[in-house]
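Throughout, protein chains are lettered first and strands after them, A, B, ... in sequence-line order, and every chain is numbered starting at 1.
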Amino acid sequence: MGNMNQLIAVRREKLTKLQDLGIDPYPGHSERTHKIIQLTENQDEFVAEQKVVTVAGRLNAMRRQGKVGFGNLSDDTGKIQLFVRKDKVGEENFEIFKLLDLGDFVQITGECFITQRGEYSIRASQVTILGKSLRTIPVVKEKIVDGKKMRYDEFSDIELRYRKRYLDLLLNPEIKSNFEIRAKMIREMRNYLDNNGFLEVETPILQPLYGGANARPFITHHNTLDMPLYLRIATELYLKRLMVGGFERIYEIGKNFRNEGMDKTHNPEFTAVEIYQAYTNLDGMMDLTENVIHHMAMTVLGEETINFQGTDISLAKPWRRASMTELIKEQTGFDASDFDLEKIRAFCVEKNVEVDENAGPGKLITELFDTFVEPKLIQPTFVTDYPKEVSPLAKGKPGEPNLVERFELFIVGNEYGNAFTELNDAIDQRARLEAQSKLREMGDVEANVVDEDFLEALEYGMPPTGGLGIGIDRLVMLFTNNTSIKEVILFPTMKPE
RNA sequence: GGGCUAGUAACUCAGUGGUAGAGUAUCUGCCUUUUAAGCAGAGAGUCGAUGGUUCGAAUCCAUCCUGGCUCACCA
């Protein structure tokens, strides 16, 4: 018999013994009167009046000592020590106590008191099992040394942590707190938008055509309709249809799916918000971006400076705004603002930046930007004046044939947001999508497809609109000081073992 | 996809060619104020998988699987 099976067998034997005692190891309810935090908050009072309470939680430490025993019980608010004496709880309850394992859900009734060693505890008068655990949960021990918490045998194997996230959450409290921060961030994002007149909407995840970004999709099949459906790569085109429909301020928070590579900042499914606002310009969208993220920092973290991997990131408004070619010039001394293809290509070759034969000047400029500028943008920076060539859904910049009204937000060398003045000229939009389609025929698998239904909607008329997308996972990484997206997604995509 | 690196007990890890190890957890015994409780003893392993070299492989070689870091790609 394997060891694991042996450990399980021991627990199943205990389960049977409990049942033989007439005890239901999985009762349907509990008589909990207090959550643990209520005990700690009222410690002096409860100890003084020897308050009798009933608490429930998971048993995560046990120190047995003959006819007496100590244990630690945790619920989602805290931890309290149990003290069980045979002569206090009686034969039968002590028998139950002896059959408990680490990881079991237990209910304890007893009075609050302070032990001889000074630890706040419950002196049990009744022990009830609420849920028997059949597997050994790894034990992490802690000790306070010189005021610092030392941890022993930490559950630290990264692969195991992701695959068995429930154990990670159970054993690594800071992980749980990351996800609490994540939830608060999304709540505060909603609060801000709701309080500023934005309506939250839901659009299809299963789409007959995909669009709104350059990416390869996941494809599935609808049996009844006998047709392919695509998991959305962006919410953009449906939200714009809603702008045609008369909404002036809308947003959607949800998962997008991109069938692409995975790395520290990319997971195949990720969470984004897209926000659309009518009758505003790009400056308005930059203000909105600053305001939303600043609000999240102030309400969730309580400060506008975030220490990320040793660097202080200041979210104090306003954030730097600079054009793409300006930033390239700043980093390299090279001026690409004239979009002179030969000149730019020569510079790329000189700098060993790989160039695609078919690439136009706009594409090369973004290559230069990605290589020389992006990693340098540590403090929040709005990069403006994107090449039209790489922005098929953004409105052209007046008087600048090569540029569109678009910005991306960069912090700590990563992209956090992308926004445009949305293209509401249906004829221009058709031409741009058809150009994308040509790229597609030439083998660009990430080029946009022509969505006739979307173009038809645009033909009915869309107001001048600013659109903004923000990657929420990356923002959570920033707020929780994590360098891997897997740390902020509860169940990151993994290959099966 | 390339380079580097890791996979040994439930957890954390030692172990550079000669009988598979430690701490924790588990089990047994002792213990009525412990807190990384303690003391004594015991059980527990397909050493990621497959093939090879060798008298002999956790260890050397090859291939593969699953992670991590990094570069490339992508956005």
Side-chain angles (χ1 to χ4, degrees), chain A residues 1-11 13-14 60-72 79-89 94 98 101-103 113-121 123 133-145 149-164 167-168 170-172 212-216 233-234 256 258-268 270 272 353-354 356 366-367 369-371 374 390-391 408 410 414-418 444-446 469 471 474 483-484 486-487 492 494-497:
Chain A
M1 188 185 341
N3 182 47
M4 194 60 213
N5 289 336
Q6 188 183 60
L7 292 173
I8 292 172
V10 166
R11 292 193 173 211
E13 246 172 68
K14 292 181 184 174
N60 45 29
M62 184 77 100
R63 296 174 291 283
R64 293 180 193 278
Q65 211 174 321
K67 296 186 182 61
V68 67
F70 296 88
N72 295 343
K79 181 175 89 173
I80 187 91
Q81 176 169 266
L82 311 173
F83 177 50
V84 179
R85 286 172 61 134
K86 190 174 181 181
D87 59 8
K88 173 82 177 172
V89 296
F94 201 73
K98 285 204 290 194
D101 283 302
L102 298 181
F113 79 113
I114 305 281
T115 64
Q116 286 176 11
R117 294 290 180 95
E119 177 144 350
Y120 186 33
S121 308
R123 185 184 289 115
S133 162
L134 298 179
R135 279 181 187 265
T136 308
I137 295 172
V139 174
V140 177
K141 298 202 171 187
E142 290 180 351
K143 183 187 186 180
I144 311 288
V145 179
K149 193 179 274 186
M150 304 290 292
R151 306 185 76 193
Y152 301 84
D153 297 333
E154 204 160 5
F155 184 72
S156 57
D157 184 283
I158 293 174
E159 190 175 351
L160 271 185
R161 285 185 42 233
Y162 296 156
R163 290 190 192 278
K164 300 187 192 300
L167 293 180
D168 192 26
L170 222 40
L171 298 168
N172 297 318
N214 297 335
R216 299 169 72 176
I233 58 172
N256 291 333
R258 296 187 184 174
N259 206 339
E260 294 176 337
M262 296 160 62
D263 61 28
K264 290 174 84 171
T265 54
H266 295 84
N267 196 64
F270 63 99
V353 174
E354 274 192 47
D356 181 348
T366 54
E367 292 287 342
F369 174 81
D370 290 351
T371 307
E374 184 172 329
V390 298
S391 314
E408 289 196 345
F410 292 86
N414 277 318
E415 180 198 335
Y416 281 73
N418 183 17
D444 182 349
V445 290
E446 296 191 341
R474 289 181 186 178
T483 56
S484 168
K486 287 186 165 74
E487 293 290 349
M494 305 282 281
K495 274 197 193 179
E497 284 176 282

TODO: Give me the ring orientation class for A/F70 and A/F83: parallel if the planes are under 30° apart, tilted from 30 to 60°, perpendicular past 60°.
DONE: parallel
- [ ] Could you measure between the two C1' atoms, the one in B/rU26 and the one in B/rC11, and give it in whole Å?
- [x] 12 Å
Open item on the list: Please report the distance separating the P of B/rA25 from the corresponding atom of B/rU19, rounded so that it comes out in whole Å.
Closed with: 30 Å
Open item on the list: Suppose we define a pair by two distances each less than 3.5 Å, Watson-Crick or G-U wobble; what does B/rC55 pair with here?
Closed with: B/rG18
Open item on the list: If I pick the C1' atom on B/rU59 and the same atom on B/rC30, what distance separates them, to the nearest angstrom?
Closed with: 42 Å
- [ ] Would you kindly check whether a donor in the side chain of A/R85 faces an acceptor in the base of B/rU32, or vice versa, at under 3.5 angstrom?
- [x] yes
Task: Value rounded to 0.5 Å, distance of CZ in A/F410 from CD in A/E374 - done: 4.5 Å
- [ ] Please work out if A/E119 contacts a base, only the sugar-phosphate, or nothing of the nucleic acid, heavy-atom cut-off 4.0 Å.
- [x] base
- [ ] Could you tell me the separation between the NZ atom of A/K495 and the P atom of B/rC64, rounded to a whole number of Å?
- [x] 12 Å
- [ ] Rounded to the nearest angstrom, tell me the gap between atom CD in A/E159 and atom C1' in B/rU66.
- [x] 5 Å
Task: Interatomic distance where CZ belongs to A/R11 and P belongs to B/rA10 [whole Å] - done: 14 Å
Task: Short N-O contact, A/R216 and A/E446, less than 4.0 angstrom - done: no
Open item on the list: Regarding A/T265, tell me which of base, sugar-phosphate or nothing describes its non-hydrogen contacts under 4.0 Å with the strands shown.
Closed with: nothing
- [ ] Hunt down the Watson-Crick or G-U wobble partner of B/rC69, both distances under 3.5 Å, from any strand shown, or write none.
- [x] B/rG3
- [ ] Kindly say if A/K486 contacts the phosphate of B/rG68, meaning a side-chain N or O under 4.0 Å from OP1 or OP2.
- [x] yes
TODO: Can you tell me, in whole Å, how much space there is between the C1' of B/rA6 and that of B/rC27?
DONE: 33 Å
TODO: Provide the distance between the two C1' atoms, one in B/rU24 and one in B/rA62, to the nearest whole Å.
DONE: 37 Å
Open item on the list: Just to be sure I understand the rule, does A/R163 reach a base, reach only the sugar-phosphate, or reach nothing, if contact means heavy atoms closer than 4.0 Å?
Closed with: sugar-phosphate
TODO: Using the C1' atoms only, state how far B/rC60 lies from B/rC71, rounded to an integer number of Å.
DONE: 30 Å
Task: Rounded interatomic separation in angstrom, taking CZ from A/F155 and C1' from B/rC13 - done: 15 Å
TODO: Mind checking A/D87 for me? I need base, sugar-phosphate or nothing, with any heavy atom below 4.0 Å counting as a touch.
DONE: base
- [ ] Send over the distance from A/L160 CG to B/rA6 P, rounded to a whole Å.
- [x] 18 Å
Task: Distance (rounded to the nearest 0.5 Å) between A/T483 OG1 and A/K264 NZ - done: 3.5 Å
Open item on the list: In whole Å, measure the gap between the P atoms of B/rU8 and B/rU46 for me.
Closed with: 12 Å
Open item on the list: With a 4.0 Å limit, can you tell me whether A/Q6 has a side-chain N or O closer than that to the phosphate oxygens OP1/OP2 of B/rU26?
Closed with: no
TODO: For A/M150, answer base if it contacts any base atom (sugar-phosphate contacts may also be present), sugar-phosphate if it contacts only those atoms, and nothing otherwise; contact means non-hydrogen atoms under 4.0 Å.
DONE: nothing
Task: Given B/rU34, B/rC11, B/rA25, the nucleotide with the shortest approach to the side chain of A/Q65 - done: B/rU34
Distances for protein N or O near nucleotides 71-75 of chain B N or O, under 3.5 Å:
from: B/rC74; atom 1: O3'; to: A/E446; atom 2: OE1; distance (Å): 2.4
from: B/rC74; atom 1: O2'; to: A/E446; atom 2: OE1; distance (Å): 3.4
from: B/rC74; atom 1: O2'; to: A/E446; atom 2: OE2; distance (Å): 3.0
from: B/rA75; atom 1: OP1; to: A/E446; atom 2: OE1; distance (Å): 2.4
from: B/rA75; atom 1: O5'; to: A/E446; atom 2: OE1; distance (Å): 3.4
from: B/rA75; atom 1: N6; to: A/D370; atom 2: OD2; distance (Å): 3.1
from: B/rA75; atom 1: N1; to: A/E374; atom 2: OE1; distance (Å): 3.3
from: B/rA75; atom 1: N1; to: A/E374; atom 2: OE2; distance (Å): 3.2

Open item on the list: Looking at A/K141, I'd like to know whether one of its side-chain N or O atoms comes within less than 4.0 Å of OP1 or OP2 on B/rU12.
Closed with: no
Open item on the list: What is the distance, to the nearest angstrom, from the OH atom on A/Y162 to the P atom on B/rG7?
Closed with: 18 Å
Open item on the list: I'd like the P distance from B/rA49 over to B/rA40, given in whole Å.
Closed with: 35 Å
- [ ] Tell me, please, which residues at least two apart from A/K486 pass salt bridge (Lys or Arg N to Asp or Glu O under 4.0 Å).
- [x] none
Task: Integer-rounded Å distance: B/rU26 P and A/R135 CZ - done: 16 Å
- [ ] Could you check if a side-chain atom of A/T265 sits within less than 4.5 angstrom of a side-chain atom of A/R474, using non-hydrogen atoms only?
- [x] yes
Task: Inter-residue atom distance A/T136.OG1 - A/Q6.CD, 0.5 Å rounding - done: 10.0 Å
Open item on the list: Regarding B/rU35, can its base be found pairing with the side chain of A/E142 as donor and acceptor, where the two atoms are less than 3.5 Å apart?
Closed with: no
Open item on the list: I want to check one thing: is the phosphate of B/rU70, taken as OP1 and OP2, less than 4.0 Å away from some side-chain N or O of A/K264?
Closed with: yes
TODO: Classify the nucleic acid contact of A/K14 as base, sugar-phosphate or nothing, counting any heavy atom under 4.0 Å across all strands shown.
DONE: sugar-phosphate
Task: Which nucleotide in B/rU33, B/rU32, B/rC11 has an atom nearest any side-chain atom of A/F70 - done: B/rU33
Task: Separation of atom CZ in A/R63 from atom P in B/rU32, rounded to whole Å - done: 17 Å
- [ ] Using a cut-off of strictly less than 4.0 Å, decide whether A/K143 has a side-chain nitrogen or oxygen near OP1 or OP2 of B/rA37.
- [x] no
Task: Selection from B/rU35, B/rC27, B/rA36 that lies nearest to any side-chain heavy atom of A/T115 - done: B/rU35
